[in-house]
Amino acid sequence: MDLDRPLFATFWNGVIDLEHDSINRVIEKYERLIEEGKISGSKCHACTRIMVPPRPVCRTCGSTDIEVVEVEGQGRLLTWTTIYVGPPSYENNVPYTVGIVELTNGERLTGIVDIPVSELKYDLPVTAAFDDERQGAARLRWKKA
Amino acid sequence: MDLDRPLFATFWNGVIDLEHDSINRVIEKYERLIEEGKISGSKCHACTRIMVPPRPVCRTCGSTDIEVVEVEGQGRLLTWTTIYVGPPSYENNVPYTVGIVELTNGERLTGIVDIPVSELKYDLPVTAAFDDERQGAARLRWKKA
Amino acid sequence: MRDVAVIGTGMTKFGSLGRVTSRELVTAASIEAMKDAGIEPKDIDAVYIGQLSGDIFEHQMHAAPGIPDYLGLANVPATRVEAACASGGLSIMHAVMAVAGGFYDLVLAAGAEKMTNLPTAHVTEALSMCADDVFEVSLGVTFPGAFAMMARAHDKEYGTNAEMRAAVAVKNHEHALLNPKAQFQKQISIDKVLNSIMIADPLTLYDCSPITDGAAAAIVVPWEDRHKYEGIPVKVRSFAQASDTMSLHDRSDLTGFTTTKIAAQKAFRMANLEPKDIDILEIHDCFTIAEIMALEDMGFYKKGEGGRAALDGETRRDGHLPVNVSGGLKAKGHPIGATGVAQVVEIANQLRGKAGKRQVADVEIGMTQNLGGSGSTIVCHILERGD
Amino acid sequence: MRDVAVIGTGMTKFGSLGRVTSRELVTAASIEAMKDAGIEPKDIDAVYIGQLSGDIFEHQMHAAPGIPDYLGLANVPATRVEAACASGGLSIMHAVMAVAGGFYDLVLAAGAEKMTNLPTAHVTEALSMCADDVFEVSLGVTFPGAFAMMARAHDKEYGTNAEMRAAVAVKNHEHALLNPKAQFQKQISIDKVLNSIMIADPLTLYDCSPITDGAAAAIVVPWEDRHKYEGIPVKVRSFAQASDTMSLHDRSDLTGFTTTKIAAQKAFRMANLEPKDIDILEIHDCFTIAEIMALEDMGFYKKGEGGRAALDGETRRDGHLPVNVSGGLKAKGHPIGATGVAQVVEIANQLRGKAGKRQVADVEIGMTQNLGGSGSTIVCHILERGD
Ligand SMILES: [Zn+2]
Ligand SMILES: [Zn+2]
């Protein structure tokens, strides 16, 4: 194992074809969509709530009738931090900024903030972009809207 | 972190000089002695039992009045196995044999068995030797007596 | 201390499950267990999870709160317990203790591991860390290696041989043919076991349990509440845990586990039962020799008779003491943290008549034995079909 | 459910302890706790240990059975619990539950971590794994980063500032001057905190707890047995655990922890007490902002008043609500698995009048708050001086 490359970046590209696969693979679905430059959430067919990032059970009504759907990547910056001491996988990126963004649908999502620190302020409008150097959920970057 | 090099091989060569160090550092003491080519155990000053490898509390009487002392590296082979699938730190060594040896004082110790497989048998007399390629407890090898 | 019932069970398919987190696996198994019991997430008071190492396998520690989180529950206490391959057994046991002690009224006991992300050599390294790092692992001792040394000691003392061990593997693979959730669905022969590649002499590939992803879950409630829920309840007659030295060389007997003896005796005593009262067993067969030693140490066979019993078919599904009808760790698979939970799931399902094609007729009392490291932890449970 | 007493405590020096295993550290702390209680290893019925990750830090999993092994005990049940930095709190809580539920009569609750083997970047990586790996950690969020984002939200909402946070650090370093087992024995100033290097804006190096080796242990028995042992017993008035989402972004409030509110309320309810009844507190100040938020969430201060309280000296050893007289995680050090146990050790010692130079006069009831991850787990205990 090499901490410089987070283990979880070990991607699996096969096909699961189990007779009765009862596992709702929300993370794999999120990652497949983010590879296409799309942010996604879980839509509950029982109460219609869309949660971002997607989850296998609805937090509002407890339903498991969940489908992963694309959502709009627009929002406003709630909070942020510039990190000067990072893990080995980000040591070539310091300092870098991460932030939590509230999307237009009210859901929230964490990502790298790709905006000069001097321009950052509470509620700054941002839009999702995607880093081609990284894979999976790590691709998300917030840019100025 | 690199699994090819077990983390615990991270040696510390400093000096602890705490005002009240109540910690009996039996492992460090064992490793310092094995660097000198000596096997050691813990001698209980309450009941005189010597345990190998050393431990901070006597298994016989519960005393913590323990000193790490050198013991004789002679014994007989109780059991062994030849390992064909090893961890990354031993992948250049497969197949290799490890075994449990009962020392002349009745205590037991595990180590690499440096004897051709064809010559191995129950109760084979062996003697301790030390591998200069490895550090700490990993230095122990059993050779034919 | 209140009596306790298992009223729901769930389990994912065991195998190489691809890009999925253990958290998603536990969620799926838990949903199945909740549906089985006829409850909803909001009914859950607390969660336990057995997991060996999310850090090594998934770059994720702190697995416990992730489960109520994914079940859409907030704020429910969630605790991870770890004792190597006995982590799952401790998850069940702590759920049972929490209900028996009156702390909670409905507890989810889960277990999971996602192991196939790593190559075999790294899994070997990870599992070896369950033994003594300084005095065993640093010297190249692997998990199969430790059991191989015990197998050789057992062979010397009791004349156990490779064919007897192979009979355990053949039996458990045969059982797994009837378990759609088992990792392997293929019949093997004694010759196949004997002629497969050597892992740690005398144990070959087919003497060893595989690398597996999977999760299992059970719902535990007070016995007095059992009729509030759907289906047949199972009574937890007893639970027991024991420890031993980390290093094999610090134990006087290398032909079995003192820990298994002690835990089994405690479990029998607490349940006021004897080995002859047990109708069905799930045993920790991480290696074939482990099943043989456990049956002896638990008192089902005299020392040296465990291998013969397998060879003679006594422990087959249709034998007089069915052992590992699920396929065992050997063929059902061994996702470390899930294993102890899956054993209880299998016994509970057998006692409730819900074991599908592999249902054993007329079983009323079953027992599990879950082992951690090279026997440094043992957890046993005895379960009985309820009314 | 039986009432429970803490009758012995032990703790190693916290700091960078060199070549030593967490197992040896736990052994040393446990021996101290046993001597304090006047018991011998053979009196112990069961062992719990809180540890974040022996695998990452020491290449050793399955820590639990290693403890009875090193104490010269065989076969005593030993269980590791893990909930990130709240692992130690869960060790105490499970020991208390095991005794309260009548399962055991004398339990050793320990906690330990050996962190200084790894370089800082790797420790940063390891600790980050306690948050959501996929949706936080993979995006570079560190543990200080998560608390920095909360600090910024708290600043916006309540006008908290860097000077208030620094006052927490200055206070806790001042307290540690009186604790010979604390990692740091140096006075710092608000300027020093403000001008130290930035770790995660707005948190500087001195807003953060250090990387530490250490272990702590406590002996837990039924309250009715307390007079069988030496010294003044401490009664466990209540214990409480709560969870929250793994990801910060899944919580509606970023200026505090709902989990802390819930766990504290449960603890107060179980003890039938209110914040005004508490004489002394050990709070999880992994970062200065964490102490501020905890005091607010637990009900000791209104939201937005926690920073001012530190600046005004109200939470100093000589203030009206002494907080982290031990030095806290900030200056005593934060060996992850040991921390929750060490908090209980400090409160117990204060209540028993055994806190040496830092003894606070006339304290009868104390409380702890132990936090895991970015608040996904919280464990609280309320303790009272016994007779
Ligand atoms: Zn819904
Ligand atoms: Zn002695």
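First the proteins, then the strands, lettered A, B, ... as listed; each starts at 1.
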> For the atom pair CG (B:Leu120) and CZ (C:Arg152), what is the distance rounded to the nearest 0.5 Å?
Replying inline: 7.5 Å
> Does atom NZ of B:Lys144 have more than 12 heavy-atom neighbours, drawn from other residues, nucleotides or ligands, at distances under 6.0 Å?
Replying inline: no
>> Could you check whether atom CD of B:Glu119 has more than 12 heavy atoms from other residues, nucleotides or ligands sitting under 6.0 Å from it?
In response: yes
> With respect to chain C, which residue among B:Glu107, B:Arg59, B:Arg134, B:Arg139 yields the maximal number of heavy-atom pairs within a distance under 4.5 Å?
Replying inline: B:Arg59
>> Any heavy-atom pair between the side chains of C:Leu248 and B:Thr110 that's under 4.5 Å?
In response: no
> Checking C:Ile199 against chain B: side chain, backbone, both or neither under 4.5 Å from a heavy atom?
Replying inline: both
> Which atom pair, heavy atoms only, marks the closest approach of C:Ser138 to B:Ala138?
Replying inline: O-CB, 3.2 Å
> So, for C:Ala121 and B:Pro88, which heavy atoms are closest and what is the spacing to 0.1 Å?
Replying inline: O-CD, 3.3 Å
>> What's the separation between atom CG in C:Leu139 and atom OH in B:Tyr90, rounded to the nearest 0.5 Å?
In response: 5.0 Å
>> Quick check on C:Asp250 against chain B: is it the side chain, the backbone, both or neither that has a heavy atom closer than 4.5 Å?
In response: both
> Please walk me through it: do C:Val134 and B:Glu31 pass side-chain contact (heavy atoms from CB on, under 4.5 Å)?
Replying inline: CA-CA 10 Å; C:Val134 178; B:Glu31 289 179 333; 4.2 Å; yes
> Nearest heavy-atom pair of B:Gly99 and C:Met149: which atoms, and what distance?
Replying inline: CA-SD, 3.9 Å
>> Is C:Ser252 in contact with chain B via its backbone, its side chain, both, or neither, using a 4.5 Å heavy-atom distance?
In response: backbone
> In Å, rounded to the nearest 0.5 Å, how long is the span from OH of B:Tyr96 to OG1 of C:Thr142?
Replying inline: 5.5 Å
> In terms of heavy-atom pairs under 4.5 Å, which option from C:Glu136, C:Arg251, C:Met150, C:Lys156 contacts chain B the most?
Replying inline: C:Lys156
>> Out of B:Arg141, B:Glu102, B:Met51, B:Arg55, return the one with the most heavy atom pairs under 4.5 angstrom to chain C.
In response: B:Arg55
> Do other residues, nucleotides or ligands put more than 12 heavy atoms under 6.0 Å from C:Lys266 NZ?
Replying inline: yes
> Side chain, backbone, both or neither: which part of B:Val117 has an atom under 4.5 Å from a heavy atom of chain C?
Replying inline: neither
> Just how far is it from atom OG1 of C:Thr124 to atom CD of B:Glu91, taken to the nearest 0.5 Å?
Replying inline: 10.5 Å
> Can you tell me how far the CZ atom of B:Arg108 sits from the CG atom of C:Leu254, to the nearest 0.5 Å?
Replying inline: 5.0 Å
> Given B:Thr79 and C:His154, is the side-chain contact (heavy atoms from CB on, under 4.5 Å) satisfied, shown in steps?
Replying inline: CA-CA 10 Å; B:Thr79 188; C:His154 201 275; over 6 Å; no
>> Can you tell me how far apart CE (C:Met198) and CD1 (B:Ile83) are? Round to the nearest 0.5 Å.
In response: 12.5 Å
> Going through the distances and angles, do B:Ile27 and C:Phe135 end up as a side-chain contact (heavy atoms from CB on, under 4.5 Å)?
Replying inline: CA-CA 9 Å; B:Ile27 292 171; C:Phe135 297 108; 4.1 Å; yes
> Going through the checks in order, is the side-chain contact (heavy atoms from CB on, under 4.5 Å) test met by B:Tyr84 and C:Asp201?
Replying inline: CA-CA 8 Å; B:Tyr84 294 82; C:Asp201 179 28; 4.2 Å; yes
